[in-house]
Structures are given as C-alpha cells and as structure tokens.
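Quick caveat, the model's predicted, so the values are computed rather than measured.
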Amino acid sequence: MIVCVAVVGHQNNPLYIQSFTEADDALKLHHIVHCSLDVVDERVNNPKKSGPMLNETFLGLLYPTENYKVYGYLTNTKVKFILVTTDLDVRDADVRNFFGRFHAAYVDAVSNPFHVPGKKITSRTFAERVSNIVKSFGLSSAG
C-alpha cells in the first residue's frame, strides 16, 4: 500500500506531498521523504557506486526502513518523485509503471498555463489523478 508520494523540485523544495494515512503519520512520512533526498543526491552525484546509468530516470529502492520502502525517480529537469510504501514485496515493474503514470500526471499539471514553474502544485485535477494512480497501484499484477 502506498502511504506517501512527493514531488520535490530541483532545488529540493517540496512541490507536492500527499500522504494516504491518518494524520499521525504525516509528519513522519514528510521526514522520510526529506531524508530520501540525500540518497537521491548521492546516487546522482556518484553514479559509479550506485548502479543506475545517467540516462536512467528510475532510481529504484532508495532505502528500506523497518516499516516502509522508499523509491525514487528523477526527471530530466532534476525534479524528484518519491514513493513511500508499506509493501515489503513490491515488484520493480509495478513501481516503474507507477512512476511513468505519475510523471505523465505531473507533466499535465505543470503544462497548465496558470501554473507558475517552481511553485507548489495546487491543481485539484492533479490530486485526483494521483489518488486514482495510487488506488490502482499493484492491481495490474493481480490478474
């Protein structure tokens, strides 16, 4: 189950953070997202040590915690997508599919002529699309 998704700008400024749990966990999830930015920066700045190629946008599993797994994705414009899940047996194909759909929703949101680049994403349509993507996460592999 996905518990949090985040969009973080190229200067590590939060553009969108949505948690899908009760309010008690929201602060903890924001902290996990913030900590994952260090791992993203390490992987981007030291590509020899960390596996993914420079042209690979999917960063894979950033780090596991006791209760969560954190995945990352980096766009060509250095915007970072962070996914926090409680599932311990998530397939990479499902996460890649999620990030592809999430990236498409993000592109549609920032392509809005009324959106100011670098500012928080406040679009209700984007929030609804993200909710739908989160709800459908992992369902394609069930069949």
Please find the pair of heavy atoms, one from V70 and one from I32, that lie closest to each other, and give the distance. CG2-CG2, 3.5 Å
Beyond-backbone contact of T57 with N76, side-chain heavy atoms, under 4.5 angstrom: yes
Please table the atom pairs, donor to acceptor, closer than 3.5 Å between any side-chain atom in residues 81-88 and protein atoms at least two apart or in another chain.
| from | atom 1 | to | atom 2 | distance (Å) |
| --- | --- | --- | --- | --- |
| T85 | OG1 | M1 | O | 3.0 |
| T85 | OG1 | D87 | N | 3.2 |
| T86 | OG1 | M1 | O | 3.3 |
| D87 | OD1 | M1 | N | 2.5 |
| D87 | OD2 | M1 | N | 2.5 |

Nearest heavy-atom approach of I2 to F137 is CD1-CG, 3.4 Å
Between atom OG of S131 and atom CD of Q18, what is the distance when rounded to the nearest 0.5 Å? 6.0 Å
Please round to the nearest 0.5 Å and tell me the distance separating atom CG of D25 and atom NE2 of H31. 13.5 Å
Nearest 0.5 Å, please: how far is OG in S36 from CG in L61? 11.0 Å
Relative to the ring of F98, is the ring of F102 parallel (under 30°), tilted (30 to 60°) or perpendicular (over 60°)? parallel
Going by the rule side chain to side chain contact (heavy atoms under 4.5 Å, CB included), which residues pair with D41 if we only count those two or more places apart in sequence or in a different chain? N12, N45, K80
Answer whether the closest heavy-atom distance between the side chains of F20 and V5 falls below 4.5 Å. yes
Please answer whether the main-chain N or O of F58 pairs with a side-chain N or O of R96 as donor and acceptor at a distance below 3.5 Å. no
Just to verify, what does R129 make a salt bridge (Lys or Arg N to Asp or Glu O under 4.0 Å) with, not counting sequence neighbours? D108
Apply side chain to side chain contact (heavy atoms under 4.5 Å, CB included) to the pair L59 and Y71, showing each step before the final yes or no. CA-CA 7 Å; L59 299 174; Y71 293 88; over 6 Å; no
Any V130 side-chain heavy atom under 4.5 Å of Y106 side chain: no
Straight-line distance of L62 CG to C35 SG, nearest 0.5 Å: 11.5 Å
Side-chain donor-acceptor contact under 3.5 Å, T77 with T75: yes
With rounding to the nearest 0.5 angstrom, report the CG to CZ distance, D94 to F99. 12.0 Å
Can you name the nearest heavy-atom pair linking I133 to A105, along with the distance? CD1-CB, 4.2 Å
Check side chain to side chain contact (heavy atoms under 4.5 Å, CB included) between I17 and all other residues, then give those that pass, not counting sequence neighbours. C4, A6, P14, H30
Quick one: do V39 and R43 satisfy side chain to side chain contact (heavy atoms under 4.5 Å, CB included)? Show the steps, please. CA-CA 6 Å; V39 179; R43 290 203 182 173; 4.1 Å; yes
Taking only distance into account, with no hydrogens and no angle test, what donor-acceptor pairs under 3.5 Å do side-chain atoms of residues 117-126 form with protein atoms, sequence neighbours excluded?
| from | atom 1 | to | atom 2 | distance (Å) |
| --- | --- | --- | --- | --- |
| S123 | OG | T125 | N | 3.3 |
| S123 | OG | F126 | N | 3.1 |

Between the CG atom in L74 and the NZ atom in K78, the distance rounded to the nearest 0.5 Å is 5.5 Å
Residue list, side-chain hydrogen bond (donor to acceptor under 3.5 Å, both in side chains) with S111, at least two apart or on another chain: none
